[in-house]
Amino acid sequence: MTRGRLVLCGSGEFTRAMVDVDRGILADIGARRAHVAIVPTAAGLEDTPKAWIEMGAAHFAALGAETTGVMVLNRADAEDPRHSAAIAAADWIYFSGGKPGHLVDALAGTPFWSAVLARHREGAVLAGSSAGAMMLGSRTFHFPDGLDDRGIPRRVATRAALGLLPGILVAPHFDAVPVEWWQSSVHIWPEGQRMLGIDEDTAIVERADGWSVLGKGRAMVFRSLDDHDVHRSGALFDGIRVAEPSRT
């Protein structure tokens with residue numbers, strides 16, 4: 001594989017739940033002191049981006065890596081060449097969680113996203129957790145009316161995403177959402193799309209021969225709610241194709 005690996009997390013970025021996962025990825029990078037770029041774009045409508053960067057810096061410092069916080073919070077930031085320059089030497093680019101619709105709006109078609117793809121094509125790991133994972137499908141769920149007191153979306157729709165995983169709709173926090181909610185959302189799945197459910201504190205890591213499930217939970221690939229495959233922690237599965245990053 002000439003480009004870097006993709007990593008999708010159901011949740012748990014920069015927490016103890018991901019220590020072993022991230023230590024393994026850093027070991028595979030092989031740099032004496034890997035450089036991780038932390039990008040909190042998905043939280044750009046909130047007051048948490050600096051907290052995400054601080055949390056990521058502490059997490060990766062404990063694992064022996066250097067970090068750079070890249071404050072691309074909106075589309076204007078993603079047009080700023082200084083932010084593209086900030087990831088030019090990154091070994092790993094990590095998008096944390098927040099709002100998937102805002103993330104796609106901020107990045108799609110921008111110089112910064114082109115720089116991310118270029119660096120990924122050159123070998124950098126590209127990771128996304130929660131909303132950061134959702135943006136990688138060809139479509140993403142989005143929640144126009146926000147979340148209720150339980151953290152469950154009041155209303156859900158789908159929209160175009162950034163398309164690195166063709167035909168895939170990523171569903172993080174899968175085990176935290178009631179089965180009844182997933183059943184009620186089936187009618188909005190776009191035709192021909194499969195849903196990739198990833199439990200909380202769980203990651204899938206791309207390998208040369210498929211995807212490895214790491215962490216405490218499962219990854220599930222749904223053709224429909226009644227037709228799906230379950231892959232538990234430690235499993236290796238295939239069947240999810242990655243689009244080669246565009247040069248434009």
Side-chain angles (χ1 to χ4, degrees), residues 6-11 13 39-46 48-49 52 72-79 93-117 120 126-148 150-174 176-178 180-198 200 204 219-225 228 240-246 248:
L6 280 181
V7 180
L8 285 74
C9 302
S11 76
E13 66 271 46
V39 192
T41 310
L45 299 178
E46 305 167 4
T48 58
W52 279 118
V72 173
L73 304 184
N74 53 47
R75 197 165 183 86
D77 293 336
E79 301 280 353
I93 303 168
Y94 204 134
F95 288 87
S96 49
K99 293 180 170 59
H102 173 72
L103 182 52
V104 173
D105 285 340
L107 295 183
T110 64
F112 182 74
W113 183 241
S114 293
V116 169
L117 293 180
H120 178 51
L126 176 56
S129 183
S130 189
M134 295 170 79
M135 74 171 181
L136 298 175
S138 56
R139 305 282 298 179
T140 182
F141 291 114
H142 74 114
F143 316 120
D145 297 332
L147 307 180
D148 64 20
R150 302 168 298 160
I152 304 299
R154 295 186 177 91
R155 183 166 65 90
V156 65
T158 69
R159 53 164 296 164
L162 297 179
L164 265 66
L165 299 176
I168 294 293
L169 186 66
V170 180
H173 304 276
F174 192 81
V177 177
E180 294 78 15
W181 187 89
W182 292 118
Q183 291 171 335
S184 70
S185 71
V186 168
H187 68 284
I188 67 165
W189 291 11
E191 185 175 354
Q193 297 275 310
R194 291 175 295 159
M195 186 173 74
L196 171 61
I198 308 173
E200 293 197 324
I204 65 168
M220 289 157 284
V221 181
F222 290 83
R223 291 164 290 276
S224 71
L225 277 183
H228 61 275
I240 295 191
R241 182 175 67 86
V242 179
E244 287 304 312
S246 169
T248 60

Answer yes or no: is there a side-chain heavy-atom contact under 4.5 Å between [X] and [Y]?
{"X": "V7", "Y": "Y94", "value": "no"}
{"X": "F95", "Y": "L136", "value": "no"}
{"X": "L164", "Y": "L6", "value": "yes"}
{"X": "M195", "Y": "W189", "value": "yes"}
{"X": "V170", "Y": "L8", "value": "yes"}

Applying side-chain contact (heavy atoms from CB on, under 4.5 Å), name anything that partners [X], two or more places apart in sequence or on another chain.
{"X": "P190", "value": "R139, T158, L169, Q193"}
{"X": "A157", "value": "H142"}
{"X": "S96", "value": "E13, F14, P40, W52"}

Could you report the tightest heavy-atom contact between [X] and [Y], atom names first, then the distance?
{"X": "G98", "Y": "A131", "value": "O-CB, 3.5 Å"}
{"X": "T140", "Y": "M134", "value": "OG1-CB, 3.4 Å"}
{"X": "A43", "Y": "T48", "value": "CB-OG1, 3.4 Å"}
{"X": "R194", "Y": "V221", "value": "NH1-CG1, 3.9 Å"}
{"X": "S138", "Y": "G167", "value": "OG-N, 3.1 Å"}
{"X": "A243", "Y": "G163", "value": "CB-O, 3.8 Å"}

What pairs with S130 under side-chain hydrogen bond (donor to acceptor under 3.5 Å, both in side chains), at least two apart in sequence or on another chain?
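Result, side-chain hydrogen bond (donor to acceptor under 3.5 Å, both in side chains) vs S130: H173.
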In Å, rounded to the nearest 0.5 Å, how long is the span from [atom1] of [X] to [atom2] of [Y]?
{"X": "L196", "Y": "H228", "atom1": "CG", "atom2": "NE2", "answer": "13.0 Å"}
{"X": "R241", "Y": "I168", "atom1": "CZ", "atom2": "CD1", "answer": "10.0 Å"}
{"X": "F112", "Y": "E79", "atom1": "CZ", "atom2": "CD", "answer": "12.0 Å"}
{"X": "L117", "Y": "L126", "atom1": "CG", "atom2": "CG", "answer": "7.5 Å"}

Tell me, which pairs form a salt bridge (Lys or Arg N to Asp or Glu O under 4.0 Å) where one or both residues lie in residues 164-173, sequence neighbours left out?
none
Run the salt bridge (Lys or Arg N to Asp or Glu O under 4.0 Å) test against E46 and tell me which residues pass, sequence neighbours left out.
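Here the qualifying residues are K99.
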Could you go through residues 103-111 and list every donor-acceptor pair under 3.5 Å that involves a side-chain atom there, pairing it with any protein atom two or more places apart or in another chain?
| unit_1 | atom_1 | unit_2 | atom_2 | d |
| --- | --- | --- | --- | --- |
| D105 | OD1 | R159 | NH1 | 2.9 |
| D105 | OD1 | R159 | NH2 | 2.8 |
| D105 | OD2 | R159 | NH1 | 3.4 |
| T110 | OG1 | L107 | O | 2.7 |
| T110 | OG1 | W113 | N | 3.2 |

Could you list the residues that satisfy ring pair (Phe, Tyr, Trp, His ring centres under 6.0 Å) with F174, not counting sequence neighbours?
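Scan of F174 (ring pair (Phe, Tyr, Trp, His ring centres under 6.0 Å), adjacent residues dropped) gives W182, F222.
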